[in-house]
Amino acid sequence: MSWLAGGDDRQSIIQQLPALAEPYGKLYQALWAQPHLPPAVLELCRLRLAQLHGSEVEWRRREVTLAPGEAQALDRWESSELYDENLRACLAFTEVYAMDAQALTDAHADNVKSYYGEAGLVFLVEALGILDGMTRLSLLWQLRVQEEDS
Amino acid sequence: MSDAPRAANSATSTGNMIRDSALGLVPETLDAYMDLNRRIWKAGPLRPAELEIARLRNARTVNCVFCKSVRYDLARMDGLDESRVEMIDDDYARSDLSEREKLILAYTDQYLVDPAAIDDALKSSLLELFSVAELIHLSLAVAHFNGFSRCAVALGGMPETLPIMEISLPD
């Protein structure tokens, strides 16, 4: 049980503040229903953030069904044959974003834009902010893995 | 940090700084993003001055020049003048900020630096001085501020410095 609000999952905690839970929920859902970046690409970026932060809760969460082995190979995404160059561009961007957004280069951005355009880059940056935020809150709130997730 | 913007601003000119920014290139999330931003400032239990303290602490840590230069008018009207803003530095623990304000900064730092390492002393202090709703509000606010400032940094085109600018909450 989280120290904060007597719940073990993100949703039940956020719902204790309905005035923010509703707009937050709408924004989060919108991430997975936009035309700029395939949901599976976004999900793999989210999972890479979970790996880098060491968040078991977020690692076990699934927003999108992935192809077999795709998640498991994420820690060797640079060499795995499971990933296309477009996905590698997004994962490279995600990794640097997670460590220090100031360290991102024009080349990182250009690589993402070459596959997904300017709107795709802007969406990825916006989404990473939300997904990284939820990963940090899972850690800060000390959420635990739910039985059905394990 | 890149001198040149990595994405163009939206083609719109609504006068709304967020809608007219590069974020306007993604209309599918824009309204929800704007609504969340408004409600963070106006619909939660924390006062604007308390939220502004967290926002500015994040801005300094991320080094978002734009975010550092902005002052929300509603926070100033709530009593956060520049003399108090200056206390939001690394020596804040010895400042004249209130215990609540110092805890807001400690929680913000914990989020930014090492969220998994929050200790029992900080948790206990937070639960003593804040309601659960206030802590959820603070958590979502810090996550939102951090995402926005890192977005601004990641998209490049940030100047070296900017003067302090008082702004109103975008509609």
Side-chain angles (χ1 to χ4, degrees), chain A residues 3-6 13-14 16-31 33-36 53-55 93 96-97 100-106 108-110 112-113 117-142, chain B residues 1-2 4 6-8 21-29 31-40 42-45 62-64 107 110-112 114-118 120 123-124 126-127 132-137 139-144 146-156 158:
Chain A
W3 61 272
L4 176 61
I13 291 177
I14 293 176
Q16 294 183 51
L17 191 54
L20 295 189
E22 191 250 335
Y24 165 73
K26 279 187 180 170
L27 179 57
Y28 194 80
Q29 290 305 314
L31 298 183
Q34 42 67 45
H36 305 289
H53 282 295
S55 173
F93 193 97
V96 179
Y97 176 95
D100 180 4
Q102 291 188 93
L104 286 162
T105 65
D106 292 343
H108 288 119
D110 289 344
V112 172
K113 281 192 288 187
E118 282 198 334
L121 172 68
V122 173
F123 171 74
L124 177 62
V125 170
E126 180 186 353
L128 289 177
I130 295 161
L131 300 174
D132 184 82
M134 290 304 110
T135 305
R136 286 174 185 265
L137 290 185
S138 288
L139 293 168
L140 191 59
W141 292 347
Q142 298 180 321
Chain B
M1 223 182 297
S2 175
R6 294 172 177 144
S21 74
L23 289 176
L25 296 178
V26 189
E28 297 81 4
T29 57
D31 285 342
Y33 192 90
M34 298 290 295
D35 189 31
L36 179 61
N37 188 56
R38 266 191 306 273
R39 296 220 216 170
I40 279 174
K42 293 194 163 176
V62 176
N63 194 25
C64 173
Y107 191 66
Q110 195 76 58
Y111 174 96
L112 294 171
D114 191 358
I118 187 168
D120 290 343
K123 288 185 281 187
S124 175
L126 288 163
L127 290 170
V132 167
E134 286 176 327
L135 290 175
I136 296 170
H137 187 194
S139 301
L140 292 174
V142 171
H144 181 69
N146 185 241
F148 184 85
S149 58
R150 288 166 80 188
C151 182
V153 168
L155 291 177
M158 194 78 74

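Numbers restart at 1 for each chain; the letters A, B, ... are given by sequence-line order, proteins then strands. The structure displayed is predicted, hence computed values, not measured ones.
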Quick one: which of [options] has the most heavy-atom pairs under 4.5 Å with chain A, could you say?
options                               : answer
B/Leu140, B/Asn37, B/Asn146, B/Asp120 : B/Leu140
B/Gln110, B/Lys42, B/Arg39            : B/Arg39
B/Pro115, B/Pro27, B/Ala32            : B/Pro115
B/Val142, B/Asp35, B/Leu135, B/Leu127 : B/Leu127

task = Please look at B/Ala8 and chain A and tell me whether the side chain, the backbone, both or neither of the residue comes under 4.5 angstrom of a heavy atom of that chain.
result = both
Contacting moiety of B/His144, where chain A heavy atoms sit under 4.5 Å = neither
If I take atom [atom1] from residue [X] and atom [atom2] from residue [Y], how far apart are they, to the nearest 0.5 angstrom?
X        : Y        : atom1 : atom2 : answer
A/Leu140 : B/Tyr107 : CG    : OH    : 4.0 Å
B/Cys151 : A/Phe123 : SG    : CZ    : 11.5 Å
A/Leu139 : B/Tyr111 : CG    : OH    : 10.0 Å
A/Leu4   : B/Ser139 : CG    : OG    : 6.0 Å

query = Looking at B/Ala143 and A/Gly133, what are the two nearest heavy atoms and their distance?
reply = CB-CA, 4.2 Å
ask   = Nearest heavy-atom pair of A/Phe93 and B/Ala154: which atoms, and what distance?
value = CZ-CB, 4.4 Å
Max heavy-atom pair count under 4.5 Å with chain B, selected residue of [options]:
options                     : value
A/Lys113, A/His36, A/Gln34  : A/His36
A/Val96, A/Asp132, A/Leu121 : A/Asp132
A/His53, A/Glu22, A/Met134  : A/Glu22
A/Ala109, A/Gly129, A/Pro23 : A/Pro23
A/Ala127, A/Ala19, A/Ala30  : A/Ala19

message = In the structure I gave you, are the side-chain heavy atoms of A/Leu17 and B/Pro45 within less than 4.5 Å of one another anywhere?
response = yes
ask   = Does the side chain of A/Leu104 reach to within under 4.5 Å of the side chain of B/Val153, using non-hydrogen atoms?
value = no
task = For the pair B/Arg150 (side chain) and A/Ala101 (backbone), establish whether a donor and an acceptor sit closer than 3.5 Å, ignoring hydrogens and angles.
result = no
key: Donor-acceptor contact present, side-chain A/Arg136 to main-chain B/Leu112, <3.5 Å   = yes
task = Let me see the working for A/Trp141 and B/Ile118 under side-chain contact (heavy atoms from CB on, under 4.5 Å), right down to the final yes or no.
result = CA-CA 9 Å; A/Trp141 292 347; B/Ile118 187 168; over 6 Å; no
query = Looking at B/Arg6 and A/Glu118, does any basic side-chain N land under 4.0 Å from a carboxylate oxygen?
reply = no
task = Please step through side-chain contact (heavy atoms from CB on, under 4.5 Å) for the pair A/Leu20 and B/Ile136, ending with a clear verdict.
result = CA-CA 9 Å; A/Leu20 295 189; B/Ile136 296 170; over 6 Å; no
query = Any luck finding a side-chain donor-acceptor pair between A/Glu126 and B/Thr29 under 3.5 Å?
reply = yes
request  = Select one option (side chain, backbone, both, neither) describing which atoms of A/Gln29 are under 4.5 Å from chain B's heavy atoms.
outcome  = neither
message = Surrounding NZ of A/Lys26 (heavy atoms of other residues, nucleotides or ligands, distance under 6.0 Å), is the total greater than 12?
response = no
